[in-house]
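Residue numbering restarts at 1 for every chain, and letters A, B, ... go by the order of the sequence lines.
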Protein chains: 2
Amino acid sequence: MDIADVAKASGLKPSTLRYYEQKGLIRSAGRHGLRRYYDPSVLEKLALINLGRHVGLSLDEIGRMLLPQGVDIDRALLIAKTAELDKQIASMQAIRDGLHHAAHCPAPNHLACPTFQRLVKLAGKRLKPLTHKI
Amino acid sequence: MDIADVAKASGLKPSTLRYYEQKGLIRSAGRHGLRRYYDPSVLEKLALINLGRHVGLSLDEIGRMLLPQGVDIDRALLIAKTAELDKQIASMQAIRDGLHHAAHCPAPNHLACPTFQRLVKLAGKRLKPLTHKI
DNA sequence: CTACAACTTAAAGTCGACTTTAGGTCAAGC
DNA sequence: GCTTGACCTAAAGTCGACTTTAAGTTGTAG
């Protein structure tokens, strides 16, 4: 497949594919002259990268997780990530519940509502930044 | 309170406070000469901003939600955000379950595992980018 | 065989949320 | 009254993940 085919099949732009290659996330199978050509298995690797982005991994982290040979992931890192996701989900649920309450609470303003006050404190304390762009 | 007090109490840097002011998120109560001084209620507003960041709002969105007078939030936007959070949570749970399975699946590599394959497709299709940095 | 669409590279630009820097002002303690 | 540390502003820098641009090369349809 040439780069345009991979782009179409993956939904990524050619420039993104070159960028991923530069970062060491994918490799082309070779060149026809200057032009890259790819093995279709690159699509599986890209799907995996996409998945990683969705769970909040940076490209660098994904690079470390993707085993060099073949298309696979480090299981230990996967388990760690699962635990992290559990925490994130719990946080988001707490916030969701607080927002839901605040939106329906009859207090004159949200800061007058004790449930909302707990929520604000929760966000201030318990939640560490979910610093990612996915 | 002067800017250093607000910084200490909120955990934000003075530069961040000036930046938020520039964006119209907070206001100082006035100046002593050049120096800003703040009403303590700014801390509540900052807590609210912090909360907003945690649910994935941009500073601009937060600016639109914070009612100009006093410290409060637009309830309709709050409800909408609650619904959005519900979706995000559901997505994250699906991914979490998939990762959990993949990490413990006996298939030789994850791509050989049908559950993992479904997960990869899910991430590719159903999940729209959670494009935020918190 | 030629035209040209599609590829190539390196480098610079973008976006959001800040942080840092450079250069200047000033309230307060000695 | 003088020093100094904390404050001020405007502008530039940073980070991650790309995208865009500028300038050049080439496989391939006609």
What's the spacing between A:His54 NE2 and B:Ser91 OG if we round to 0.5 Å?
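With rounding to 0.5 Å, NE2 (A:His54) is 8.5 Å from OG (B:Ser91).
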State which residues pass side chain to side chain contact (heavy atoms under 4.5 Å, CB included) with [X]; sequence neighbours excluded, sorted by chain then number.
| X | value |
| --- | --- |
| A:Ala4 | A:Asp2 |
| B:Pro40 | B:Met1 |
| A:Ala83 | none |

Return the set of residues passing salt bridge (charged side-chain N to carboxylate O under 4.0 Å, His left out) with [X] (not counting sequence neighbours), or none when no residue passes.
| X | value |
| --- | --- |
| A:Lys23 | A:Asp60 |
| B:Asp5 | none |
| B:Asp97 | none |
| B:Glu21 | B:Arg36 |

Got a salt bridge between B:Glu61 and B:Arg64, using NZ or NE/NH1/NH2 to carboxylate O under 4.0 Å?
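Not counted as a salt bridge, because no side-chain N and carboxylate O are separated by less than 4.0 Å.
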Enumerate the protein-to-nucleotides 18-20 of chain C contacts in which both atoms are nitrogen or oxygen and the separation is below 3.5 Å.
| from | atom 1 | to | atom 2 | distance (Å) |
| --- | --- | --- | --- | --- |
| C:dC18 | OP2 | B:Tyr20 | OH | 2.8 |
| C:dT19 | OP2 | B:Ser15 | OG | 3.2 |
| C:dT19 | OP2 | B:Thr16 | OG1 | 2.3 |
| C:dT20 | OP2 | B:Lys13 | NZ | 3.4 |

Whole angstroms only, please: what is the [atom1]-[atom2] distance between [X] and [N]?
| X | N | atom1 | atom2 | answer |
| --- | --- | --- | --- | --- |
| B:Lys23 | C:dG16 | NZ | P | 7 Å |
| B:Glu21 | C:dA17 | CD | P | 18 Å |
| A:His54 | D:dA17 | NE2 | P | 14 Å |

For nucleotides 21-30 of chain D, print each protein N/O atom paired with a nucleotide N/O atom at under 3.5 Å, atom names and distance only.
| from | atom 1 | to | atom 2 | distance (Å) |
| --- | --- | --- | --- | --- |
| D:dT26 | O2 | A:Arg35 | NH2 | 2.9 |

With a 4.0 Å cut-off on heavy atoms, is A:Arg36 in touch with a base, just the backbone sugar-phosphate, or nothing at all?
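Sugar-phosphate, backbone atoms only, no base.
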For the helix from C:dC1-D:dG30 to C:dC30-D:dG1, what angle lies between the axis at the first five pairs and the axis at the last five pairs, to 10 degrees?
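It comes to 20° between the two terminal axes.
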Would you list the protein and nucleotides 10-12 of chain C atom pairs, both N or O, that sit under 3.5 Å from each other?
none

Please name all residues satisfying ring pair (Phe, Tyr, Trp, His ring centres under 6.0 Å) with A:His100, sequence neighbours left out, ordered by chain then number.
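Partners of A:His100 by the ring pair (Phe, Tyr, Trp, His ring centres under 6.0 Å) criterion, ordered by chain and then number, come out as A:His104.
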